[in-house]
Chemist: 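Provided herewith is a single structure, encoded as structure tokens, for subsequent inquiry.
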Amino acid sequence: MISQYHILNGDTLKGQFPVRVSGEIIVCRECLVDGPVNGETLDNLFETRAIDQITT
């Protein structure tokens with residue numbers, strides 16, 4: 001069986017997502033609108049983003 005994943009870019013969209021659509025909903029809350037986006041791995045990216053939020 002094939003799993004379906006719906007990756008949404010925020011909680012507001014999750015609230016508007018149709019209940020009748022099957023599959024797992026994943027909400028990504030990192031919008032990458034402001035701040036540094038460098039990092040060799042995903043963990044490095046999130047660490048850089050977290051440090052930037054603390055220091056600004």
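Because the structure is a prediction, the values reported are computed rather than measured.
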Chemist: Please tell me if the side chains of Asp52 and Pro36 come closer than 4.5 Å, counting only heavy atoms from C-beta onward.
Modeler: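 Asp52 reaches Pro36 side chain to side chain.
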Chemist: Under the side-chain contact (heavy atoms from CB on, under 4.5 Å) test, which residues partner Val19, sequence neighbours left out?
Modeler: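 Val19: no side-chain contact (heavy atoms from CB on, under 4.5 Å) contacts found.
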Chemist: To the nearest 0.5 Å, tell me how far Asn9 CG sits from Ile26 CD1.
Modeler: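 That separation rounds to 13.0 Å.
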Chemist: If Ile, Leu, Val, Met, Phe, Trp and Tyr residues are connected whenever their side-chain heavy atoms lie under 4.5 Å apart, and connections chain through other members, are Ile7 and Phe17 in the same group?
Modeler: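 Cluster IDs for Ile7 and Phe17 differ.
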Chemist: Go through the structure and list residues passing salt bridge (Lys or Arg N to Asp or Glu O under 4.0 Å) with Asp11, not counting sequence neighbours.
Modeler: Arg29
Chemist: Side-chain contact, heavy-atom cut-off 4.5 Å: Ile51 with Glu47?
Modeler: yes
Chemist: Any side-chain heavy atom of Glu24 within less than 4.5 Å of one from Ser3?
Modeler: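 No, side chains not in contact.
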Chemist: Work out which heavy atom in Lys14 is nearest to a heavy atom in Leu8; give both atom names and the distance.
Modeler: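 Scanning both residues, the minimum pair turns out to be CA-CD1, 3.6 Å.
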Chemist: Would you say the side chain of Asn38 lies within less than 4.5 Å of the side chain of Leu45, judging by non-hydrogen atoms?
Modeler: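 Leu45 does not reach Asn38 side chain to side chain.
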Chemist: List the atom of Gly39, the atom of Asn44, and the distance in Å for their closest heavy-atom pair.
Modeler: CA-CB, 3.8 Å
Chemist: Do you reckon Val21 sits in the same ILVMFWY cluster as Val27, going by side-chain contacts under 4.5 Å, direct or chained?
Modeler: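 Val21 clusters together with Val27.
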Chemist: State which residues pass ring-ring contact (aromatic ring centres under 6.0 Å, His included) with Phe46; sequence neighbours excluded, sorted by chain then number.
Modeler: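 Here no residue qualifies.
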